[in-house]
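Structure record follows, encoded as structure tokens.
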Amino acid sequence: MGFSILGGVCLLYYLVIAFYAGITSSLSWIWALLGGTLCLTGWAWRRQLFQTKPVPGALLMTGGILMALVLALLLFLLVRISGGMCTRAEEQLEYVVVLGAQVKGTAPSRSLRKRLDTAADYARKNPETILILSGGKGEDEQISEALCMQQYLTRECGLEEGRLVMEDRSTSTLENLVFSDELTGCKTARTGVLSNNYHVFRATAIARKLGYTRVSGIAAPSDPIMQVHYMVREAAALLNELRRGSVEWSEVFR
């Protein structure tokens, strides 16, 4: 019964995501897959318990072990990601790399706006810090993320354009950090990496792999409705970075 209930919750969350953020939201299908798998597992256990054409015990045991291992790995990664969410910003950094996010036409998305509001607040409190606005132009975006960020920070938040450095070529977190350093030399300076809270752990881990010597994270809020989905999606992204070698395994276990 427990598997079926959890499966139903996952399927319901998938519908919430589809309604709130759109059915094409990145990796939203994972909740439909997880929900279906849990419901199928619950059905198999019910057949086993009531002996109505029971599923072979070896198959059921193997499936149960594999699911337990996957869930244990996911839980461990979520704990590490949560640690990055609690990061407190260091004061008077030389640079802050503000990581880009989706632009809707020429306006920042909800996630990007939260990053920019956090960046503006930090800039007001630390007037000597230079903000590096890092993000290129996606196929579905009318302007680059860097330009969108610059326009928002100058027009909506009142920051001086002279404090903003635009990096408008990058298409990934790795490129954000590589190209930002090429423009400013921030790799060897006291540098913050600013993103939504769920992304901070991976972003700073990539920065350290690239040789950022004095890097720290700055966590912006995230959308509360999408928070769980973003964290699970981030766990998948972290596994991919580990596979590619962009993040050291020692970062995850330290």
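We number each residue from 1, following the sequence as shown.
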For the CD atom of Glu128 and the CD atom of Glu91, what is their distance to the nearest 0.5 Å? 13.5 Å

With a 4.5 Å heavy-atom cut-off, do Pro221 and Thr118 have their side chains touching? yes

Taking all non-hydrogen atoms of both residues into account, name the closest pair between Gly135 and Ser144 and its distance. O-CB, 3.9 Å

Which heavy atom of Leu210 sits nearest a heavy atom of Lys187, and at what distance? O-NZ, 3.2 Å

Show the nearest heavy-atom pair for residues Ser111 and Tyr198, with the distance to one decimal. OG-OH, 4.5 Å

Is Leu194 reachable from Val165 through a run of hydrophobic residues whose side-chain heavy atoms are each under 4.5 Å from the next? no

Is it the case that over 12 heavy atoms from other parts of the model lie below 6.0 angstrom from the CD atom of Glu161? no

Taking the six-membered ring of Tyr230, is the NZ or CZ of Arg110 close enough (under 6.0 Å from the centre) and on axis enough (within 45°)? no

Heavy-atom donor-acceptor pair, Arg113 side chain to Tyr152 backbone, under 3.5 Å: no

Can you get from Met149 to Tyr95 by hopping between Ile, Leu, Val, Met, Phe, Trp and Tyr side chains that sit under 4.5 Å apart? no

Could you report the tightest heavy-atom contact between Cys186 and Asp181, atom names first, then the distance? N-OD1, 3.3 Å

Could you go through Ile132 and Thr191, starting from their C-alpha distance and side-chain angles, then the distance that decides it, and tell me whether this counts as side-chain contact (heavy atoms from CB on, under 4.5 Å)? CA-CA 10 Å; Ile132 306 171; Thr191 299; 5.7 Å; no

One should read off an interatomic distance between Leu116 CG and Cys148 SG, to the nearest 0.5 angstrom, of 7.0 Å

side-chain contact (heavy atoms from CB on, under 4.5 Å) between Leu164 and Leu153: does it pass, once the steps are laid out? CA-CA 9 Å; Leu164 310 177; Leu153 289 172; 4.2 Å; yes

Got Leu239 and Leu73 here, is their nearest side-chain heavy-atom distance under 4.5 Å? yes

Apply side-chain contact (heavy atoms from CB on, under 4.5 Å) to Glu145 and Ser170, showing your working. CA-CA 9 Å; Glu145 294 167 5; Ser170 56; over 6 Å; no

Could you check whether any side-chain N or O of Arg208 sits under 3.5 Å from a backbone N or O of Glu248, counting only pairs where one atom can act as donor and the other as acceptor? no

Assigning hydrophobic clusters by single linkage (Ile, Leu, Val, Met, Phe, Trp, Tyr; side-chain heavy-atom cutoff under 4.5 Å), is Ile17 placed with Val228? yes

Sidechain-backbone polar pair: Arg163 side chain, Thr129 backbone, donor-acceptor under 3.5 Å: yes

Please determine if Asp121 and Lys125 form a salt bridge, counting it only when a charged side-chain N lies under 4.0 Å from a carboxylate O. yes

Can you tell me how far CG of Leu27 sits from NE2 of His229, rounded to the nearest 0.5 angstrom? 6.0 Å

Nearest-0.5 Å distance that lies between atom CZ in Arg214 and atom CZ in Arg190: 7.5 Å

Charged N to carboxylate O below 4.0 Å: is that the case for Arg169 and Glu175? no

Keeping Gln102 on the side-chain end and Ser109 on the backbone end, is there a donor-acceptor pair under 3.5 Å? no

Do Val70 and Trp29 share a hydrophobic cluster, counting only Ile, Leu, Val, Met, Phe, Trp and Tyr and linking them when any side-chain heavy atoms are less than 4.5 Å apart? no

Check Ser82 against Met231 and note the closest heavy-atom contact, atom names and distance. OG-CE, 3.3 Å

Is the ring pair Tyr13/Trp31 parallel, tilted or perpendicular, if the boundaries are 30 and 60 degrees? perpendicular

Can you tell me if Thr204 uses its side chain to pair, donor with acceptor, with the backbone of Gly217 under 3.5 Å? no

Under a 4.5 Å side-chain heavy-atom rule over Ile, Leu, Val, Met, Phe, Trp and Tyr, are Leu177 and Val215 clustered together? yes

Any non-hydrogen side-chain atom of Leu174 less than 4.5 Å from a side-chain atom of Arg244? yes

Between Val247 and Lys209, is there a side-chain heavy-atom distance shorter than 4.5 Å? no

Distance from Ser222 atom OG to Lys114 atom NZ, nearest 0.5 Å? 7.5 Å

Drop me the distance from Asn196's CG to Met226's CE, to the nearest 0.5 angstrom. 11.5 Å

Tell me if a side-chain donor or acceptor on Tyr122 pairs with a main-chain N or O of Val96 at a distance below 3.5 Å. no

For a 4.5 angstrom cut-off between non-hydrogen side-chain atoms, does Thr184 reach Ile130? no

How about Leu93 and Ile218: do any of their side-chain heavy atoms sit closer than 4.5 Å? yes

Measuring only between side-chain heavy atoms, which start at C-beta, is Arg115 closer than 4.5 Å to His199? yes

I'd like to know whether Glu167 forms a side-chain contact (heavy atoms from CB on, under 4.5 Å) with Asn176, so could you lay out the CA-CA distance, the side-chain angles of the two residues, the decisive distance to 0.1 Å, and finally the verdict. CA-CA 8 Å; Glu167 183 289 294; Asn176 288 144; 4.1 Å; yes

May I ask you to test the Leu147-Asp168 pair for a side-chain heavy-atom distance under 4.5 Å? no

Nearest heavy-atom neighbours spanning Leu74 and Ala235: CD1-CB, 3.8 Å

More than 12 heavy atoms of other residues, nucleotides or ligands under 6.0 Å from CD of Glu160: yes or no? no

